[in-house]
S.K.: 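Here it is, the structure in full.
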Number of protein chains: 2
Amino acid sequence: MQKQVEYKEAIGTKYPEQVVIAIAKDKAGKANPVTLGWTMIASGSPPMMAIAVASRHYSIETIRHSKCFTIVFPSSEMADAALFFGSRTGRDIDKFADFDCKTEPAKAIDSVLLCDAVANFECELESETVAGDHIIFVGKIVCSHINTEPKKRLYTVGPGHRLGAVS
Amino acid sequence: MQKQVEYKEAIGTKYPEQVVIAIAKDKAGKANPVTLGWTMIASGSPPMMAIAVASRHYSIETIRHSKCFTIVFPSSEMADAALFFGSRTGRDIDKFADFDCKTEPAKAIDSVLLCDAVANFECELESETVAGDHIIFVGKIVCSHINTEPKKRLYTVGPGHRLGAVS
């Protein structure tokens, strides 16, 4: 049976929610990672993914500047990196300089991959759409990578940015 | 360490992926449910959600006609309903007539809720954006409901529409 409640209560049923890290370079060439839970596949052919990024975030500027970005599926071992990248702003710091996280250059776009992730998807910016206090960026996937070792994806498993694996 | 692979191989690392059922009425007033894995929250204030629907799907017509839709978080007990709603087309059949699934009228929009779901979100159509072979619909959430009993969400846990709970 359903009962009507406030949105904030209802959305508490969403967990586990997948986590991705989106990375784009800013004008100075600094790669800036941001952790996002609001993401989905958006097209099968050609393959595309969508991310929703808060309008005030520095990532908006970096994606608009680069017109491309990496979408990373972090592994369940990368919870600390995901928390760090999601709680600081690239306006003030160089996140990759301040948090030890192995990167390598992307192959088809001007961005970076995360070496220890489950998978990396290189995206060319296809469109952006305002949605309330966020902007939805759709990227066409032009190159894909997976880890040579089997890894589990990272999820937000409950409120308060509680991160972990699921099975 | 990363290795470059085809997209189809890389996207195989996406599981578990959340499942929702989107419901909109067609011109004849028939409520038409469709099961979707490509969905995300898109805005915090006002709350909005996005769904990506294949361009050829009957649901496209129903959402455009209604200008509103329900997003349902099905429970882990609703795998059979999710498979049925996701594998038939409302062009040919009345899915709710052919599959036993308890519904009740939505409160703020002209759609229905699924009584046994984890949660139901009533959405007013906010925007649509073409993304490859899909259309992204963004809906503003105007009314929210949860089950009076605690329930687990349904996920696709592996290839071949393998559905279940996660923990």
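Each chain gets a letter, A, B and so on, in the order the sequences are listed, and its residues count up from 1.
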S.K.: Tell me whether the count of non-hydrogen atoms from other residues, nucleotides or ligands lying under 6.0 Å of NZ in A:Lys151 goes above 12.
M.R.: yes
S.K.: List the residues meeting salt bridge (Lys or Arg N to Asp or Glu O under 4.0 Å) with A:Lys102, not counting sequence neighbours, and say none if there are none.
M.R.: none
S.K.: What residue in B:Pro46, B:Pro150, B:Ser55, B:Ala42 has the most heavy-atom pairs under 4.5 Å with chain A?
M.R.: B:Ala42
S.K.: Is A:Ala50 close to chain B through its backbone or its side chain, or both, or neither, when contacts mean heavy atoms under 4.5 Å?
M.R.: both
S.K.: If you count heavy-atom pairs within less than 4.5 Å of chain A, which of B:Ala119, B:Cys143, B:Gly164, B:Gly44 leads?
M.R.: B:Gly44
S.K.: Are there more than 12 heavy atoms of other residues, nucleotides or ligands under 6.0 Å from atom CZ of B:Arg56?
M.R.: no
S.K.: To the nearest 0.5 Å, tell me how far A:Met49 CE sits from B:Trp38 CH2.
M.R.: 9.0 Å
S.K.: Are A:Ile141 and A:Ile51 grouped together when hydrophobic residues (ILVMFWY) are joined by side-chain heavy atoms under 4.5 angstrom apart?
M.R.: yes
S.K.: Could you check whether any side-chain heavy atom of A:Lys3 comes within less than 4.5 Å of a side-chain heavy atom of B:Ile146, counting everything from C-beta outward?
M.R.: yes
S.K.: How far apart are the C-alpha atoms of A:Met40 and B:Ile41, what are their side-chain angles, what is the distance that settles it, and do they pass the side-chain contact (heavy atoms from CB on, under 4.5 Å) test?
M.R.: CA-CA 9 Å; A:Met40 65 180 181; B:Ile41 303 169; over 6 Å; no
S.K.: Please state whether the side chain, the backbone, both or neither of A:Glu104 comes within less than 4.5 Å of a heavy atom of chain B.
M.R.: side chain
S.K.: Applying the 4.5 Å side-chain criterion to the ILVMFWY set and letting contacts propagate, would A:Phe69 and A:Ile21 be lumped into a single cluster?
M.R.: no
S.K.: Are A:Val157 and B:Val157 linked, directly or through intermediate hydrophobic residues, by side-chain heavy-atom contacts shorter than 4.5 Å (ILVMFWY only)?
M.R.: yes
S.K.: Which atoms form the tightest heavy-atom contact between A:Phe121 and B:Ala10, and what is the distance?
M.R.: CE2-CB, 3.6 Å
S.K.: Calculate, to the nearest 0.5 Å, the distance between atoms OH and CE belonging to B:Tyr7 and A:Met48 respectively.
M.R.: 10.5 Å
S.K.: Taking non-hydrogen atoms and a cut-off under 4.5 angstrom, which of residues 123-138 of chain B neighbour chain A?
M.R.: B:Ser127, B:Thr129, B:Ala131, B:Gly132, B:Asp133, B:His134, B:Ile136, B:Val138
S.K.: Any sub-3.5 Å donor-acceptor pair from A:Gln2's side-chain atoms to B:Ala117's backbone N or O?
M.R.: yes
S.K.: Take B:Met1 and A:Glu149 through the side-chain contact (heavy atoms from CB on, under 4.5 Å) test and state the conclusion after the steps.
M.R.: CA-CA 7 Å; B:Met1 204 176 78; A:Glu149 305 291 324; over 6 Å; no
S.K.: For B:Asp26, enumerate each residue passing the side-chain hydrogen bond (donor to acceptor under 3.5 Å, both in side chains) test, keeping only those at least two apart in sequence or located in another chain.
M.R.: B:Tyr58
S.K.: Top residue by heavy-atom pair count (under 4.5 Å) with chain B, among A:Asp116, A:Asn120, A:Leu113?
M.R.: A:Asn120
S.K.: Can you pull out the residues in residues 89-97 of chain B with any heavy atom less than 4.5 Å from chain A?
M.R.: none
S.K.: Is B:Met78 linked to B:Val20 within one hydrophobic cluster, defined over Ile, Leu, Val, Met, Phe, Trp and Tyr using a side-chain heavy-atom separation of less than 4.5 Å?
M.R.: no
S.K.: Does the A:Tyr155 side chain pair with the main chain of B:Pro16, one donor and one acceptor, at a distance under 3.5 Å?
M.R.: yes
S.K.: In Å, rounded to the nearest 0.5 Å, how long is the span from OG1 of B:Thr13 to CG of A:Asn147?
M.R.: 10.0 Å
S.K.: Nearest 0.5 Å please: distance from the OG atom of B:Ser144 over to the CD atom of A:Gln4.
M.R.: 8.0 Å
S.K.: Given that the side chain runs from C-beta out, which part of A:Lys14 has a heavy atom under 4.5 Å from chain B: side chain, backbone, both or neither?
M.R.: both
S.K.: Can B:Ile60 be reached from B:Val34 by stepping across I, L, V, M, F, W or Y side chains whose heavy atoms are under 4.5 Å apart?
M.R.: yes
